[in-house]
Every structure is written in structure tokens, then in C-alpha cells.
Number of protein chains: 2
Amino acid sequence: MVTRREVAEQAGVSPSTVSRVINNNGYVAEDVRKRIEAAIAELNYIPNRAAQNLRMKSYKQIACLTPSISNPFYSEMFAGIEEMALEKGYSLSLYNITKERRNYLRQVVEGPYDGMILLAPYELSSIMDFNKGALKMPLSVYWDRPEKADIPHVFVDMEKVMRQSVEYLIESGHKEIIYLGHYDENQANPRYKGYKDAMKAQGVPIKEYYKKSIGTYEDKLTVGYDAIKVLLGNGQPFTAVAATNDSLAAGAIRAIIESGKKVPDDISVIGVDNIELAKIVTPTLTTMNIPKIEIGRLLVKQLLDQIHNERKMERNIEGEVTLIERESVKKN
Amino acid sequence: MVTRREVAEQAGVSPSTVSRVINNNGYVAEDVRKRIEAAIAELNYIPNRAAQNLRMKSYKQIACLTPSISNPFYSEMFAGIEEMALEKGYSLSLYNITKERRNYLRQVVEGPYDGMILLAPYELSSIMDFNKGALKMPLSVYWDRPEKADIPHVFVDMEKVMRQSVEYLIESGHKEIIYLGHYDENQANPRYKGYKDAMKAQGVPIKEYYKKSIGTYEDKLTVGYDAIKVLLGNGQPFTAVAATNDSLAAGAIRAIIESGKKVPDDISVIGVDNIELAKIVTPTLTTMNIPKIEIGRLLVKQLLDQIHNERKMERNIEGEVTLIERESVKKN
DNA sequence: CGCTAATGTGGTCACGTAACCATAACTTAC
DNA sequence: GTAAGTTATGGTTACGTGACCACATTAGCG
């Protein structure tokens, strides 16, 4: 390994002067600078990162935790995170934190990171346990609702989003609207609440909903397909499906088409997320766009604000959701 | 920040003794160990990672470079990489290296990593440029053919895979088989070569192929759809499609079904990769399984063998590919 | 000319750790 | 009883860096 000292010897100066060239501060004569730069190039010198970290008390690294990077929603958000982080000179460690892998959390929290971004709300309590006392590390979380607890986060109010989605269907003339998504009476799922509120507000009776617990992302396409297939088999009458995400919606479309009905002429489908899939399915999917790239960038910004002790940091940032009208909803 | 010294004072011993407890080497009296462990817990002491890295001359971190983590092929491979890396006590930094982001390569190579895994062959030359002389860092590459150059890699021989895929179609009674994938006469694309050889060997005339350059993963579903739609519109007669990956195959299926024909009764489709999508489309996709998790694990193993100077490291490891028969190919 | 400021360079130190060496007390063995 | 080992602990050092201080030398200015 080449050190600063060797570069200094090669250039016939002291290590201090080499430092000044590298960090570009203090006075250095022009010819000396040239000599040192030549020595650096010749010896292929790279500053030792561990020594820098130790001296600067900073790693220039961020840990990013997600339940599954193969979920396109998270991988797109990660793209935004990466973009901003690289711009700011930070690099990213990625962890897929599944339930079986909780025991690696300690390794993450004790790792060489200046801060942590969390894309999975369900792990929050475990993280907070670790993140007490001396373990405390700046943290920024993506959340699906405004958070009461005092954790800096970027959120999308899913209750509102679902309400808007259902309102759009109602405005388009639909009355018999299926809720396709996870449902849990006790947890008061915000997505279900949004659906229910929109239906009630318009005096539309809540017809049906799908409440089977939903597994990984990969399952979702199957789950949406299976659920709608069952409902169609039951002879359940409905003209629209409001899915809580695009993967479920895509599965629903597949089930409807397979049954011989047409989307959107017979049954309309709306999703949430606007992942790439939404542009690819036939018909293309009308959905609520969640600005994933922008949210990713905001998460990094919020985290770096904490790391750098910015006073004007926003603790609760709301992502702006917009309706993307494509082909899967029929307007009467 | 709590240091080893403070723990030592709290426990009434010297820092050396604390080290011995933490690293679990040397002699420590049982009661002293207890006292020290109590002090560590009370003060929430965590060894400083930067100091450890400096002292040990190792980061316990691996950089993983891929063209796009949102490509399910790579994200599944990443899952295997992560699994093995965490087992071995290493964590992973992930970089999406797109063309515009080449200038970040230097940042990667100079980063706090003990080694590098590369999932994108096309970047190899840039990496090798950086990876000369003092910059040299252990490297392990996933490649789609046996590599002549002396770079440790895990590979799948795509020429062979494609040949097997086409042979399977021919054995199933097909003669008019469309090659759906990237094609470039000059580059002698191994996938296309495999297709061509299989066709020739069976005396089947090469009927047609799709040669438009293919962009990102997200494009592929559209590209496959568009290409087959054009061919069907042309009245081009064919009974089977051999796609170079599952995404293209899925697009093809969509185009065929939309045209009113049936898969596999009218037209059979086979893919390569066996990503999750293959199980989800209707009909489910017959494809060549590439053992992505296993390849990921092997890449890490191979890399760590280099880092630890294992003598018995294998430089060229071949991944074993198998046919997965599902519903999209009709056998006559 | 003489005083202050600007420019240029080298020396020293601490960051927190793991490895090594020194030392001391206590065992064991003959 | 003493030499050799075992157990237990503390002290010292180096890893490579960036910040700081000390000290030259030169430039600017009345």
C-alpha cells in the first residue's frame, strides 16, 4: 500500500505538503504542486479511507434498509436515493431486511455508517430499540402516513391517496367498486380507511373487499389475479376495482381479461404507485403516481441535514401524489 | 462517542483487558469479564469501525456493481450475494452503474471496499483501467460466456443455453422458430449463435429474428410485445418464439394473445432466466433456469477466496442451467 | 529601511484500535 | 524448594490521516 509518506519522499517534500495538495488548502508553490501530482500519479496513490474516516469521524456512507429491493417500488425509490447520495459524495449500503434476517440489524446499526434510511415501516420498532442511547444514528424513514412519533420522515398519506383514487372512480360513474388490498380491522389500515370514507361520503355502499394477508411483492401479482378470479366466479357484480398497488391491479386485469370480460369496457381497474409495470400492461394502467425518485432524494436530503446539524431541517415531508390517467378506467 | 478507554475506567481495568474481552482472546478472569461486559452494556459501547479498519487493514465491505438493480435478474442475483456476504460478516454497497454514471467509477474503486463484484460485463474495460497498479482490488465478475481473459468469474454459457432452448423447441416438433433478442452481426452475440447453430444442426432454416437493439429492462416487455406484433401483422408464419430472456418472452405472449391466437396451442414461447415473472404470466412460461441465487453466492465465495489468498480458488466457475417446463410450449 | 502581511514548508499530535511485550502472581512437577 | 509453565493484567506501539502550530522566506508599503 502506498502512503502519503512515500509520495512525499518521491516528490522530495514533507507529508504535510502532500496533504495540502490533496485537500487543496493552504499554500503550495506551483512547481511543487506539479511535482507532487506527478508523484501521486506515478505511484498510484490513493488516500487510505480508514485513516480518513478515523480522523474525520465520518464514513461518507449511508445504510439503506428495505424489505425487498426486488420490489420495483423500492428499487425505483432506491434509484432516487442513490442519485442524491452520489451527488453529495456518499455511497450506499443496501440491506434486504426480511423477518428472518432481523438478527443482522445489529450489524447494520454498528456498521460504518453516518446515517440510515429506512424504507420499511414495519421494522421501525426494532430499529428504534437499537437506536437508543449511544447507538443513536441519524435516521430518515419512508412512511405511508403522517407519523405522530418524532422521527424524521418523508411520507405519502395513503389514506388520502386511496380516497382520491376511489373518488375518481365514483366521479367516473362507478358505484360497485371492489377494494383490492390488505385489510385488517384492528390495524385500521389507512388504505382501507380511505376507500371506506370515499364510498361513505358519496353514499355508495361498500360492496366487498379482499382481506387476505399479502406476502412479498412477487406474490402480489398472483394474489390480485386469484382474488378477482374468485369474485368473478362468485358472480359478484362490480364495475371497478380499486387496488392498493399496481401489482395487485395488474393481476386483477389479467384475471378479468381471462374471464372474457374487457378492461375497461366491462370492468375498470385503478392502481397506486405508478411503477414501470403500469405502462407495460395491456391496457395501460390508470394509477396514482407516487414520486418515488423525488422521495428518495428527499430522504437523503433530510438525512444529510441531520448529519450536518442543519437547523432548518423539515421533519415531516409529504410527497405529492397525482393521478395518472391511462387506459384502464372507463369514464361514463 | 464512547471509547474502549472509558469502558476500561468504568470497569476499573486497562483498555487491553477490554480488548481481550471483546475479541475473545487471551486470558481474562471470569469476574473481570462480567464487570467489563456490564460496563459495555451500560455505556452502550460500540467499537469504532474506522479504527478497526485502519488497524486491521480491511473494511469488511464489498462493492457490487450492476447496470440496474430494478432488473429482476440482477436483484435476484443480489439476493444470493447478500445472503453469502452477510453470512461471512461482510456488508454490501450497491451501485447502479449506468453509462452516464461512469464518472462515479473512480469513487467506487477508491472506496472502502475489500473487493468488488461486477454484474455487468459491459463495464469491464473501464473497471480494468482503474484496477491497474496500486488500485488493484480483488474482483469477481458475472459473465455470460467463458472468459478468455484471466479474470475470476462465474459464468453461464449463453450460447449453450440458447442452443438447448432451441433444441427443446425442435424436439417438441417446431420448425418455424423466431429468434427474439438482441442481434449484432459483428459482435457475434453468443445467444444468436446458439440459436443459429441449433437450427442449422437440425437442418431447420433460420426464419427470422429480431435485431433491434434493446434498452433497459423496463423496455424489454414493450420490445418483445412490439416485435411480435409486427411479425404477426406481416403474416410471418411461425409456431414458436425463442426469446433470449423472460421479459421479452412475456411481451411476446401478450402480443400473441392480443392477436387472438393461443399460447401454446397456436404459438409456443420459451424464455431464458426464470425470473419470478415466468411463474406469474398466463400461461406460465417455460424457460431455462439460471441459478441466480447460487451464482450470487459463488461470486462472493470466489471474491473472498481472493481476499483471503486461498490457493484452491476456482477462477472460472460455470453455473448449471436447467430447463423448467411450464405451460407456454406445446409438445407435438 | 524596517515593519507587517502574505506565502510556503515541515514537525507534531490525536483519532481508537489490535497486536505484541513485559510483568506478576499463582500452579504444577520433580 | 526451585524451575517451568499457566493464568491474568497493564503498557506501548503503529496503522495513515488532517488539523494545527512553528518557522522560514518573500512581498508590499510608508
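Chain letters run A, B, ... following the sequence lines, proteins first and then strands; every chain starts at 1. Remember, it's a predicted structure, so these values are computed and weren't measured experimentally.
Nearer the 5' end of DNA chain D, as judged by each residue's closest nucleotide, is the contact made by B/Val32, out of A/Arg49 and B/Val32. Along DNA chain D, the nucleotide nearest A/Ile22 and the nucleotide nearest B/Glu30 are compared for position; the residue whose nucleotide lies closer to the 5' end is B/Glu30.
Contact between the side-chain N/O atoms of A/Gln52 and the OP1/OP2 oxygens of D/dG18 is found at a separation under 4.0 Å. Side-chain N/O atoms of A/Lys57 include none lying less than 4.0 angstrom from OP1 or OP2 on C/dA14. Listed pair A/Tyr27 / C/dG8 fails the phosphate criterion, with no side-chain N or O lying under 4.0 Å from OP1 or OP2. Between D/dG10 and B/Thr17, a contact under 4.0 Å exists linking OP1 or OP2 to a side-chain N or O.
Distance B/Arg5 CZ to C/dT17 P: 11 Å, rounded to the nearest Å. Atom C1' of nucleotide C/dT9 and atom CZ of A/Arg35 are separated by 12 Å, given to the nearest angstrom. Between A/Lys34 atom NZ and C/dG8 atom P the separation is 13 Å, expressed in whole Å. For the pair B/Leu43 CG and C/dG16 P, the computed distance is 14 Å after rounding to whole Å. What separates CD1 of A/Ile36 from C1' of C/dG8 is a distance of 11 Å, to the nearest Å. A/Arg33 has its CZ atom 9 Å from the P atom of C/dG8, to the nearest Å. Summarising the geometry, the separation between CD on B/Glu6 and P on C/dG16 is reported as 8 Å, rounded to the nearest angstrom. Atom CD1 of A/Ile46 is separated from atom P of D/dT17 by 11 Å (rounded to the nearest Å).
Of all the heavy atoms in B/Pro72 and B/Ile275, the pair that sits closest is CG-CD1, 3.8 Å. Across all their heavy atoms, B/Ser75 and A/Ile69 have their closest contact at CB-CG2, 4.3 Å.
Screening A/Ile307, A/Asp305, A/Leu299 for a side chain to side chain contact (heavy atoms under 4.5 Å, CB included) with A/Leu303, the sole residue that qualifies is A/Ile307.
When heavy atoms are screened at a 4.0 angstrom cut-off, B/Pro47 is found touching the sugar-phosphate backbone but no base atom.
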Under 3.5 Å, which protein N or O atoms sit close to an N or O of nucleotides 19-27 of chain D? Give each pair with its distance.
residue, atom, partner, partner atom, Å
D/dA19, O4', A/Arg55, NH1, 3.1

- request: I would like to know whether B/Asp114 and B/Gln306 meet side-chain contact (heavy atoms from CB on, under 4.5 Å); could you show each step before the answer?
  value: CA-CA 10 Å; B/Asp114 299 327; B/Gln306 290 178 70; over 6 Å; no

task: I would like to know whether A/Thr98 and A/Ser68 meet side-chain contact (heavy atoms from CB on, under 4.5 Å); could you show each step before the answer?
output: CA-CA 7 Å; A/Thr98 53; A/Ser68 164; over 6 Å; no

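In the displayed structure, A/Arg315 atom CZ is contacted under 6.0 Å by more than 12 heavy atoms of other residues, nucleotides or ligands.
Checking C/dG16, D/dT17, C/dG11 against every side-chain atom of A/Leu54, the shortest atom distance belongs to C/dG16.
Taking the six-membered ring where the residue is Trp, B/Tyr142 and B/Phe73 present tilted rings, their angle falling between 30° and 60°.
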